S.K.: 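Sharing a structure with you now.
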Amino acid sequence: MGNREHWGSKIGFVLAASGSAIGLGNIWKFPYITGENGGAAFIFVYLICIVIVGLPVVVAEILMGRTTQRNPVGAFKALSGSKFWTAIGGLGVLAGFIILSFYTVIAGWSLGYVFEALKGGFSQLGTAAQANEHFDSLVGDPTWMIGFYTVFFVFTMAVVFLGVKDGLEKGSKILMPILFIILIILMIKGISLKGSGAGLAFLWKPDWSKITGQSILIALGHAFFTLSLGMGALMTYGSYLSKKTNVPNAAVQIVVLDTVIALMAGIAIFTAVFATGQDPAGGPGLIFNTLTVVFGNMTGGYIFGLLFFVLLSVAALTSSMSLLEVVVAYFVDERGWGRHRAVLVLGTLVYAFGLPSALSFNLMADMTINDLTFFDSVDYLASNILLPFGGFFIAIFVAWIWGLDKALIELKKGAEKFFDNQPYLIKVFKIFLKYISPVMIFIVFLHSVGLLESAYEQIKNYWIIIVLAIVILIIIVSRNRKKK
Ligand code: TRP
């Protein structure tokens, strides 16, 4: 397809891809799981996961996209010609559809809180309990919920409707600097609060006793989610790149930006939380219940509260655009639809599918399967099953099926100097993508579907058989190698 749209510049691509990565995960989720898992020691583990699992898969996804110039389904099809792998790409598109449907619901809360902030709604929140009650009454109101969900969804569709250069790239170039500036202001404000030192100590002074198998898995799973991995979002963005772009370099920039923003959000939030003596382990309500009380009581809280929720909404928008783009790209590339038609039809379908999620906090709160509301179920399906599943197969595919040798030839395009100067890093990358990333992702998968504990029991009972099987497998594989 000679007329495929491309990014106007490398920085445009890096900003858009970082925009996808930086989202609710960084500003809403990262701080609260850090708070729940003990602070600095957890951050340390998280950073290791980002480097050894996140970065190699980021490179793999972007590379598959750039090489094939296709959406995830087309990319797998072009590189493998196999039905199985094409279906793996299809699962990615499906995951994008599902994640978009509930991600925009939380983004709707954020947008709604922009208006709460404008109304001065935080000044009468004295305690976390009051904030919680206020939160429950807002999301418990179907009109409020559907209203902001709809507005946010329309924004998302509008950007994707405009296309790669005029929509995604321009949007990111405007929104990302805004996000950065707001975050710096909030961070400075946080540090300047009396008593903020305790918050900084929480972030930098590790308490190693807090690290457990469980917290390591949470760190690993989050490293994955925060980088938008596992469903071809970065693959789709990579498909609008030309072969001249230095992929390893862009990947490092994206990962660094995502990490820096998460840490900055951590500083902004924990300095404020500790300075006012709130509980850092406030869970998913940390932002809506704890932080709003902080804003309600601080000087300038009106403006800082407003800025914070604008920040959160902007971060969510650059992520939701990337999710919709995956679904749209599939229909454009594989089904020959025009972009506008794809955005209108699929946007509307995802929107409709998201309605039960928006209603899961009010009208449909009691309709549960296995104690999970519709929202919980789709979140679980996508975040705990489809994403680790997809990420595992992407790593395996690039390392073993497409083959690292072929992949490295592609990777070298646009990065010749890097290759000549960093032979050692290339070797490390190979080992990570071939062995370490797939194994670690697989363990996260087992953990998140609740199989890890029972798998552990089985391994304990049958470890001799398992070790023997692995040894035999290695012998068979190495023999076959020699024959070739
Ligand atoms: N990374 C985003 C965040 O941190 C969420 C997100 C956007 C995402 N696109 C994705 C997650 C694709 C997984 C896959 O909020």
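Ligands are counted one by one from 1 in listed order, and the atoms in each one are counted from 1 as well. Every value quoted in this text rests on a predicted model; they were computed, and no experiment measured them.
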S.K.: For a 4.5 angstrom cut-off between non-hydrogen side-chain atoms, does Val105 reach Met145?
M.R.: yes
S.K.: Out of Ser320, Ser228, Ser319, who gets a non-hydrogen atom closest to atom 8 (C) of ligand 1?
M.R.: Ser228
S.K.: Closer than 4.0 Å to some heavy atom of Met231 - which atoms of ligand 1 meet that?
M.R.: 12 (C), 14 (C)
S.K.: Tell me the contacting part of Ala95 for ligand 1: side chain, backbone, both, or neither, using a 4.0 Å heavy-atom threshold, strictly below.
M.R.: neither
S.K.: Can you find an N/O atom of Leu387 closer than 3.5 Å to an N/O atom of ligand 1?
M.R.: no
S.K.: Any atom of ligand 1 sitting under 4.0 Å from a heavy atom of Gly230?
M.R.: no
S.K.: So for ligand 1, is Leu323 a polar contact partner (N or O within less than 3.5 Å, distance only)?
M.R.: no
S.K.: Going by the atom numbers of ligand 1, which of them fall below 4.0 Å from some non-hydrogen atom of Ser322?
M.R.: 9 (N)
S.K.: Under 4.5 Å between any side-chain heavy atoms of Phe288 and Asn132, yes or no?
M.R.: no
S.K.: When only distance counts, is Phe225 in polar contact with ligand 1, meaning an N/O pair under 3.5 Å?
M.R.: yes
S.K.: Validate the cation-pi geometry between Lys29 and Phe225: distance from NZ or CZ to the six-membered ring centre under 6.0 Å, angle to the ring axis within 45°.
M.R.: yes
S.K.: Within 45° of the six-membered ring axis of Trp337 and under 6.0 Å from that ring's centre, is NZ or CZ of Arg341 located there?
M.R.: yes
S.K.: For Gly25, counting its heavy atoms only, list the atoms of ligand 1 lying under 4.0 Å from any of them.
M.R.: 3 (C), 4 (O), 15 (O)
S.K.: At a 4.0 Å threshold, what atoms of ligand 1 neighbour a non-hydrogen atom of Leu24?
M.R.: 15 (O)
S.K.: Going by side chain to side chain donor-acceptor pair (under 3.5 Å), name the residues that satisfy it together with His134, two or more places apart in sequence or in a different chain.
M.R.: Glu116
S.K.: Would you check if the distance from the ring center of Phe152 to the ring center of Phe148 is below 6.0 Å?
M.R.: no
S.K.: Give the atoms of ligand 1, by number and element, whose distance to some non-hydrogen atom of Thr226 is under 4.0 Å.
M.R.: 1 (N), 4 (O)
S.K.: Report the part of Ala21 (side chain from C-beta onward, or backbone N, CA, C, O) that has a heavy atom under 4.0 Å from ligand 1; answer both or neither where that applies.
M.R.: backbone
S.K.: How far apart are the closest heavy atoms of Pro438 and Phe392, and which atoms are they?
M.R.: O-CD1, 3.4 Å
S.K.: May I have the list of side-chain donor-acceptor pairs in residues 87-96 shorter than 3.5 Å, sequence neighbours left out?
M.R.:
none

S.K.: Does Tyr103 have a heavy atom less than 4.0 Å from any atom of ligand 1?
M.R.: yes
S.K.: Please name the pair of heavy atoms, one in Lys165 and one in Glu5, separated by the smallest distance, quoted to 0.1 Å.
M.R.: N-OE2, 3.2 Å
